[in-house]
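Written below as C-alpha cells is the structure these notes are about.
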Amino acid sequence: MDIRKVIIAPSLLSADFARLGEEIEAVEAAGADWLHVDVMDGHFVPNITIGPGVVKAVKKHSAKPLDVHLMIADPRTYAPRFIEAGADILTFHIEADFNPGCVIDGIRTAAEEAGREVQVGLVLNPDTPPSSIGEVIDLVDLVMVMSVYPGFGGQPFIERATRKVEEILQMRPDLLIEIDGGINAENIEIPASRGVQVFVAGTAVFGADDYARSISVLRQKAETALGGGTYIV
Ligand code: DX5
Ligand code: ZN
C-alpha cells in the first residue's frame, strides 16, 4: 500500500438507512475509498445502530472495503461475526477489553478460518493516551483516533485529540492512522498534517448535496496537508 495515499471513508451512519443500497452506490460512484460502518451496542456507547446482518447486506451492495468500527462492550465475542459478515477492516476500542491481544488473536483466527484478508485496528477515545496501546501496537495494521466521543454522528471535532497522532507514529512509523469524528473541509488539514491518512466523514459527505464534490475537496485538502506534513516514511 502506498503509505501516503489518502483514504476517504464515508460513514454510513449519516446515510438514509431506508435507501441504504442507493446511498452506497452513490457514495462509491462519488469516489469513496472505503465504507465506514458504525456498530453500536447501547452498552459501550449510548446508542444502538446495526449488527452483522446489516453488514452482510451492505457487503453485497459494495465494491469497496468495509471498514467496520465496533463500538461494543464485548468485541471478543462478536468480532468474528463481523468477519463472517464481510468486514475487510475491523477496529475495536482499547477501552473495551483488558486483554486486547486476545481480541486481536481471535480476529486473526476468524479471518484465517474464513479464508479472508482482514486488517485489524485499535481505536482510542479522545481522552485515551497512546501509552494504552503500547503492549499491542505491534500486533495491528492500523490505529484509529476518535476526534469525538463515540456514539453519534454530527458532533463537533475535538482538535486536541489529534495531538496523540505523532506520538503513535513515533511508536510505529509504518502504521496507518485513521481519524473519526467531526471531520470536514475546514478541519481535515489538522489531522492530515500530523500524519493521518484515513479520514472518516459522515455529515461532511452525506450532508452535502454533491457527494463527489465533497469527497474530492476533502481528498485534495488532506493530500496537500499530508504531503507538507512531518510524516516521513
Ligand atoms: C461516531 C462514529 C463516527 C461518525 C462520524 O461515534 O464513530 O463514525 O459517524 O460522523 P461525523 O463525520 O458526522 O462526525
Ligand atoms: Zn466510526
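Asn184 pairs by the side chain to side chain donor-acceptor pair (under 3.5 Å) definition with Asn187, not counting sequence neighbours. Every residue two or more places apart in sequence or in another chain that forms a side chain to side chain donor-acceptor pair (under 3.5 Å) with Lys59 is listed here: Asp88. Glu28 meets the side chain to side chain donor-acceptor pair (under 3.5 Å) test with Ser62; sequence neighbours excluded.
Between the side chains of Thr128 and Glu95, at least one donor-acceptor pair of N or O atoms lies under 3.5 Å.
Through chains of ILVMFWY side-chain contacts below 4.5 Å, Val200 is grouped with Val123, Met144, Met146, Val148.
You'll find the side chain of Arg172 reaches within 4.5 Å of the side chain of Asp174, heavy atoms only. Contact annotation: the side chain of Ile168 approaches that of Val145 to within less than 4.5 Å [non-hydrogen atoms, C-beta and beyond]. Side-chain atoms of Val37 and Ile50, non-hydrogen and from C-beta on, do get closer than 4.5 Å to each other. Side chains of Val39 and His69 form no contact here, defined as non-hydrogen atoms less than 4.5 Å apart. Counting heavy atoms from C-beta on, the side chains of Phe199 and Glu178 never come closer than 4.5 Å.
Side-chain atoms of Ser214 come within 3.5 Å of backbone N or O of Ala204 as a donor-acceptor pair. Judged by distance alone, the side chain of Lys164 and the main-chain N or O of Pro126 form a donor-acceptor pair under 3.5 Å.
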*Audit row: Asp105, Arg76, salt bridge (Lys or Arg N to Asp or Glu O under 4.0 Å) steps and yes/no*: CA-CA 9 Å; Asp105 289 346; Arg76 207 186 303 189; over 6 Å; no
*Output, in order, the C-alpha distance, side-chain angles, deciding distance and verdict of salt bridge (Lys or Arg N to Asp or Glu O under 4.0 Å) for Lys221 and Glu189.*
CA-CA 6 Å; Lys221 291 199 171 189; Glu189 286 157 330; 5.2 Å; no
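Between Arg108 and Asp141 there is a salt bridge, since a side-chain N of the basic residue sits under 4.0 Å from a carboxylate O of the acidic one.
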Mind listing the side-chain donor-acceptor pairs of residues 77-86 below 3.5 Å, one per line with the distance, residues two or more places apart or on another chain?
from: Thr77; atom 1: OG1; to: Asp74; atom 2: OD1; distance (Å): 3.0
from: Thr77; atom 1: OG1; to: Asp74; atom 2: OD2; distance (Å): 2.6

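Applying the side-chain hydrogen bond (donor to acceptor under 3.5 Å, both in side chains) test to residues at least two apart or on different chains, the pairs with a partner in residues 8-21 are Ser11-Asp38, Asp16-Arg19, Arg19-Glu22.
In the hydrophobic clustering of this structure, Phe152 does not group with Leu70; members are Ile, Leu, Val, Met, Phe, Trp, Tyr whose side-chain heavy atoms approach within less than 4.5 Å, directly or through other members.
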